[in-house]
Amino acid sequence: MSLKVTRMAAQPSEIPVPNIEELFRPTHDERARQGMVSFIRKLAIIDMRRSLKEDYENRIEPQLDREGRKPADWQAIEKAVEHENTYRFYSAVRYNAQEMCYLSVQPAVERALPAMVGLARELAVRNPAGGSLRLNPTLELPKYITALDVHLTPGWVHSEHTADDVAQAAVVSFGGKVFTGQHPYRKRPGVVGESIACWIRKKYPNFAPRRILDLGTTSGKNLLPYCTAFPQAEAHGIDVAAPVLRYGHALAEHEGIAVHFSQQNAEQTDFPDGHFDLIVSSFFFHEVSLKATRKILAECKRLLAPGGLMVHMELPDEASVSPYENFFWNWDTHNNNEPWYTAFRAEDPVALCTAAGFDSSRSFKTHIPDIASFGEERYERFMRGELPSPAHGAGGWFVFGAERD
Amino acid sequence: MNDTPADQVRLPRETKGKRPRFFDDPAIDQMMTFMLELTTEVAVLRERMDTVERLLDERGSVTRAAIEAYQPSATVEAERNAWREAYLKRIYRMHPPV
């Protein structure tokens, strides 16, 4: 396959748009390595996680209970298990598997990089699907992005190693595929956006947003399903990191979906008041500081038009789940370089929305089913209240948000 | 602006941030990394062998280029996944908690 796209005299729609992800060509052995790492990741996050929970429930907790020291909160549970082998090996395998996801794709990303950069650059000029890419090289990256390599991804989403770089976006995208490769509820990229879009269409059948905004969009994979669900809407994705925006723009143009990507901090954007009817995000708020979370929700209030809707997929808050589950989720805070994770989860998302100026009676938090694993027919029964949603991370997604008056 | 040419980029392999320790002796944390990498490399070798065997079955001969070009069918991939799962189960044989 030729990697170069030359400008031709034909109509833009007639020119085939290469897929930047097809430039990634791991060797036989690299593919084998990635395949194995997916199973090591599954060993930790499914099997060893289950063994730890069983050990806690069947042995550790009853023993402490007999001694009159039954753990009352997630911190006490953490303290009770941290010297147990079930916890130590679970943690060590999980941590190493996370690193290996990225290590297993980096050599192939390095080889593909010149062609990837070339294609992204070309598409940013040509915009064959009618989207756009607006970067701001003077934007100051917030400290909560640069202080640590989040998710143990060396260079995270923001580092730039060459001009017009997309490498970190490719590392996160392909490393993510290894990460979720054997996970039962992460069947395809964008499944969170797909699930929320499906829920919105069923819950608000007459809702027809004119403009959609995705915050912390990275490569826009969770934004594209909203474009499919609401084809009449103009789609915008913002992020502070340029590599993921360049890559996401190339992906969307290949998909033939017009998305307007811009490099902006969601705490303060350059969009006019009331510009959007739908504001969404996924896996976003727990990566920013609590101070930034409050500012971003206030910015959402400013940007949302009357009658608009805001839906964010996030981790369930502390009050919504058991102490044991809190212990499980908060593991990432220190062990996955996500310093804001525990602090964000300690807040009530509805209270955060209310503090940002949304009406408390029109703010919500709830679980919705994962569309890929739940299925259409059961989804209808969920909407009629006949079936509960599976829990977050176990076939469901936790969402919070607000309707604007 | 970073002026390293794209074909000379070497991505960082180490993560910024403090590495947690899960064991009393940090040498065990280090050994876990060695062991998991080794676990993976054995699986890579085994998969290469599997590709060679399958090519020999199909064609009676094998070249490095043919190994590199080999695309497993969905059936082969499912067989390999079953092997990977069973392989890990054999290795990570946890002692009963005490």
Side-chain angles (χ1 to χ4, degrees), chain A residues 27-33 35-40 42-43 47-48 51 55 59-60 82-89 91-93 95-97 99-100 103-104 106 109-110 113-114 116-118 137 147-149 152-156 159-165 167-168 171 182 334-335 337, chain B residues 1-24 28-29 31-37 39-48 50-51 64 66-72 77 80-81 83-89 91-92 94-98:
Chain A
T27 63
H28 177 281
D29 291 3
E30 286 166 355
R31 266 185 285 137
R33 191 169 293 122
M36 194 63 232
V37 171
S38 291
F39 274 88
I40 297 178
K42 177 188 168 280
L43 172 74
D47 305 323
M48 298 180 91
S51 301
D55 190 25
R59 185 180 64 92
I60 302 167
E82 66 186 358
H83 298 294
E84 299 289 347
N85 271 347
T86 38
Y87 174 79
R88 287 171 151 167
F89 284 100
S91 297
V93 174
Y95 190 96
N96 278 285
E99 293 182 300
M100 290 163 82
L103 290 169
S104 72
Q106 282 177 322
V109 170
E110 285 168 347
L113 193 57
M116 284 184 167
V117 167
L148 296 171
D149 281 335
L152 315 183
T153 315
W156 187 212
S159 296
E160 304 202 38
H161 313 287
T162 185
D164 300 331
D165 196 11
Q168 291 305 132
V171 168
Q182 295 302 324
H334 295 297
N335 301 318
N337 282 356
Chain B
M1 172 104 41
N2 194 319
D3 56 8
T4 306
D7 61 359
Q8 286 169 36
V9 166
R10 162 92 185 157
L11 296 172
R13 300 303 203 259
E14 279 174 24
T15 303
K16 192 167 153 189
K18 187 170 177 279
R19 191 184 185 96
R21 257 176 58 184
F22 300 111
F23 295 91
D24 299 327
I28 299 184
D29 286 286
M31 284 302 289
M32 283 302 291
T33 299
F34 294 157
M35 223 186 49
L36 287 159
E37 292 289 359
T39 298
T40 305
E41 292 314 304
V42 171
V44 170
L45 273 173
R46 198 272 176 190
E47 189 161 316
R48 199 170 176 90
D50 184 57
T51 298
R64 287 196 180 92
I67 295 170
E68 215 39 69
Y70 180 75
Q71 294 290 334
E77 198 52 28
R80 287 179 168 184
N81 281 345
W83 181 86
R84 288 163 173 156
E85 177 113 50
Y87 166 70
L88 269 187
K89 277 217 161 75
I91 294 178
Y92 291 93
M94 282 287 289
H95 304 171
V98 282

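- By the neighbour-count criterion of 12 heavy atoms within 6.0 Å, atom CE of B:Met31 is sparsely surrounded, having that number or fewer from other residues, nucleotides or ligands.
- Among A:Glu84, A:Glu99, A:His334, the residue with the largest count of heavy-atom pairs under 4.5 Å with chain B is A:Glu99.
- Options B:Leu45, B:Asp7, B:Asp24 differ in how many heavy-atom pairs under 4.5 Å they form with chain A, and the most are formed by B:Asp24.
- Proximity of B:Arg46 to B:Trp83: side-chain heavy atoms (C-beta onward) are separated by under 4.5 Å at one or more points.
- With a threshold of 4.5 angstrom between heavy atoms, A:Asp29 approaches chain B through its backbone and through its side chain.
- Between chain B and the options A:Gly155, A:Ala167, A:Gly35, heavy-atom pairs under 4.5 Å are most frequent for A:Gly35.
- With a 4.5 Å cut-off on side-chain heavy atoms, B:Asp29 and A:Tyr95 do not count as touching.
- For a residue to count as touching a neighbouring chain, one of its non-hydrogen atoms must lie under 4.5 Å from one of that chain's; by this rule A:Val171 touches chain B with the side chain only.
- Contact annotation for A:Ala147: only backbone heavy atoms (N, CA, C, O) come within less than 4.5 Å of a heavy atom of chain B.
- Here the side chains of B:Phe22 and B:Ile28 are not in contact, with every heavy-atom distance at 4.5 Å or above.
- Side-chain contact between A:Ser104 and A:Met36: absent, with no pair of heavy atoms (C-beta onward) separated by less than 4.5 Å.
- Heavy-atom distances place the backbone of B:Pro5, and not its side chain, under 4.5 Å from chain A.
- In this structure, no portion of A:Glu30 lies under 4.5 Å from any heavy atom of chain B.
- The choice from A:Met48, A:His83, A:Lys42, A:Gln168 that makes the most heavy-atom pairs within less than 4.5 Å of chain B is A:Lys42.
- For B:Asp50, no part lies under 4.5 angstrom from a heavy atom of chain A.
- Looking at A:Asp47, only its side chain comes within 4.5 Å of chain B, counting heavy atoms on both sides.
- Considering only heavy atoms from C-beta on, A:Val109 comes within 4.5 Å of B:Leu11 through its side chain.
- If you measure heavy-atom distances from B:Arg10 to chain A, the contacts under 4.5 Å come from both the backbone and the side chain.
- Of the residues considered (A:Val117, A:Leu43, A:Asn85), A:Leu43 shows the highest number of contacts with chain B, using heavy-atom pairs under 4.5 Å.
- At a 4.5 Å heavy-atom cutoff, the contact between A:Leu103 and chain B is made by side-chain atoms alone.
- Of the possible donor and acceptor atoms, none in the side chain of A:Gln106 sits under 3.5 Å from a partner among the backbone N and O of B:Arg13.
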>> I'd like to know whether A:Ile40 forms a side chain to side chain contact (heavy atoms under 4.5 Å, CB included) with A:Asn96, so could you lay out the CA-CA distance, the side-chain angles of the two residues, the decisive distance to 0.1 Å, and finally the verdict.
In response: CA-CA 9 Å; A:Ile40 297 178; A:Asn96 278 285; over 6 Å; no
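- Without hydrogens or angle criteria, A:Thr162 side chain to B:Thr4 main chain gives a donor-acceptor distance under 3.5 Å.
- Contact annotation for A:Phe39: both backbone and side-chain heavy atoms come within less than 4.5 Å of a heavy atom of chain B.
- For the salt bridge (charged side-chain N to carboxylate O under 4.0 Å, His left out) test, residues two or more places apart in sequence or in another chain that qualify with A:Asp55 are A:Arg59.
- Both the backbone and the side chain of B:Arg19 come within contact range of chain A, with heavy atoms under 4.5 Å apart.
- Of the charged side-chain nitrogens involved, at least one lies within less than 4.0 Å of a carboxylate oxygen, so that B:Arg84 and B:Glu47 count as a salt-bridged pair.
- With sequence neighbours excluded, the residues that form a ring-ring contact (aromatic ring centres under 6.0 Å, His included) with A:Phe89 are B:Phe23.
- Per-residue heavy-atom pair counts under 4.5 Å with chain B were compared for A:Leu152, A:Thr153, A:Asn337, A:Leu113, and the maximum is reached by A:Leu152.
- For A:Glu160, the part sitting under 4.5 Å from any heavy atom of chain B is the backbone (N, CA, C, O) and nothing else.
- The part of B:Glu14 that comes within reach of chain A is its backbone (N, CA, C, O), which places non-hydrogen atoms under 4.5 angstrom from that chain.
- Looking only at distances, no side-chain donor or acceptor of B:Tyr70 sits under 3.5 Å from a matching main-chain atom of B:Arg48.
- For the set B:Glu85, B:Gln71, B:Lys18, the count of heavy-atom pairs under 4.5 angstrom toward chain A peaks at B:Glu85.
- In this structure, chain A has a heavy atom under 4.5 Å from the side chain of B:Glu41, while its backbone stays farther away.
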